[in-house]
Trainee: 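Got a structure for you, written out below as C-alpha cells; questions coming shortly.
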Amino acid sequence: GEFWYVCSGASELQVGSPPDEYVRLSAALIPERTLTDIDKDIQRTSTNPEIQQSEAVKKMRRLLIAFAARNPTIGYCQSMNFVACMLLLHLDEEPAFWVL
C-alpha cells in the first residue's frame, strides 16, 4: 500500500494540505443526492450483513464523503465504492483518501 501512496503522488498532496484536511472534509456537508448515491453503493459493496455494519463501511463512507467534498465537480461516481474498498484493504483511511 505504501508504494501506491508514494508513487501516486498522494504523499505530496497530503504534505501540501492542512494537517486536518481529511478530518474536515470527511465531516463536510455534501449534496443530499451525492450522499444518497454513496450510501446506496456502499450497501452494494458487500452483501454480508456483518461487513455492512462494520468499521470498514464507516471508513469507506467517510473516505467517499471527503472525496466528494474535495472534488465537487466530480462529486461521487457510481462504483467508486469498490475502488475505495480496495484502497482500504491496503492503506489506512487517510492515505487511502489521498490516493483516491
Side-chain angles (χ1 to χ4, degrees):
E2 184 70 21
F3 173 81
W4 291 110
Y5 176 69
V6 173
C7 289
S8 69
S11 59
E12 293 174 16
L13 279 175
Q14 185 175 5
V15 168
S17 298
D20 64 343
E21 182 78 348
Y22 176 70
V23 172
R24 183 183 67 77
L25 290 169
S26 67
L29 294 176
I30 59 173
E32 188 64 34
R33 164 91 182 174
T34 303
L35 190 56
T36 299
D37 289 344
I38 288 171
D39 287 338
K40 275 195 275 185
D41 271 2
I42 285 176
Q43 296 306 314
R44 297 175 185 146
T45 308
S46 173
T47 57
N48 183 332
E50 290 179 24
I51 292 174
Q52 289 186 5
Q53 300 302 319
S54 73
E55 185 61 30
V57 169
K58 294 174 188 170
K59 288 179 183 181
M60 192 176 355
R61 187 173 194 268
R62 287 190 299 263
L63 190 153
L64 294 170
I65 288 170
F67 179 89
R70 189 171 203 282
N71 303 284
T73 304
I74 299 170
Y76 175 77
C77 297
Q78 187 175 12
S79 297
M80 284 179 69
N81 55 311
F82 293 110
V83 177
C85 182
M86 291 305 296
L87 289 171
L88 289 168
L89 288 173
H90 302 285
L91 293 162
D92 289 334
E93 185 177 346
E94 188 168 359
F97 162 74
W98 291 106
V99 172
L100 185 64

Trainee: Return a table of donor-acceptor pairs under 3.5 angstrom between the side chains of residues 85-99 and protein atoms on other chains or two or more places apart.
Mentor:
{"residue": "Glu93", "atom": "OE1", "partner": "Arg62", "partner atom": "NH2", "Å": "2.9"}
{"residue": "Glu93", "atom": "OE2", "partner": "Tyr22", "partner atom": "OH", "Å": "2.6"}
{"residue": "Glu93", "atom": "OE2", "partner": "Arg62", "partner atom": "NE", "Å": "2.8"}
{"residue": "Glu94", "atom": "OE2", "partner": "Gln14", "partner atom": "NE2", "Å": "3.1"}

Trainee: Please round to the nearest 0.5 Å and tell me the distance separating atom OG of Ser17 and atom CD of Glu12.
Mentor: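 It is 11.5 Å, given to the nearest 0.5 Å.
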Trainee: Can you check whether Thr34 reaches Leu64 side chain to side chain, under 4.5 Å on heavy atoms?
Mentor: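 Not touching, per the 4.5 Å side-chain cut-off.
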Trainee: With sequence neighbours left out, which residue pairs that include part of residues 70-89 fulfil the side-chain hydrogen bond (donor to acceptor under 3.5 Å, both in side chains) condition?
Mentor: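 Applying side-chain hydrogen bond (donor to acceptor under 3.5 Å, both in side chains) to every pair that reaches into residues 70-89, excluding sequence neighbours, yields Asp41-Tyr76, Thr45-Asn81, Tyr76-Asn81.
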Trainee: Any chance you could measure Leu63, atom CG, to Arg61, atom CZ, to the nearest 0.5 Å?
Mentor: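 Leu63 atom CG to Arg61 atom CZ measures 12.5 Å (nearest 0.5 Å).
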Trainee: side-chain hydrogen bond (donor to acceptor under 3.5 Å, both in side chains) with Asp37: which residues, sequence neighbours excluded?
Mentor: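 side-chain hydrogen bond (donor to acceptor under 3.5 Å, both in side chains) check on Asp37 returns nothing, list empty.
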Trainee: Identify the heavy atoms of Ile38 and Ile65 that sit nearest to each other, and give their distance.
Mentor: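 Heavy-atom minimum between the residues: CD1-N, 4.0 Å.
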Trainee: Membership question, hydrophobic clusters at under 4.5 Å side-chain separation (ILVMFWY): are Trp4 and Met60 in the same one?
Mentor: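 Shared cluster, no.
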Trainee: Shared ILVMFWY cluster between Phe67 and Leu13, side chains joined below 4.5 angstrom?
Mentor: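 Same cluster: Phe67 reaches Leu13 through Ile, Leu, Val, Met, Phe, Trp or Tyr contacts under 4.5 Å.
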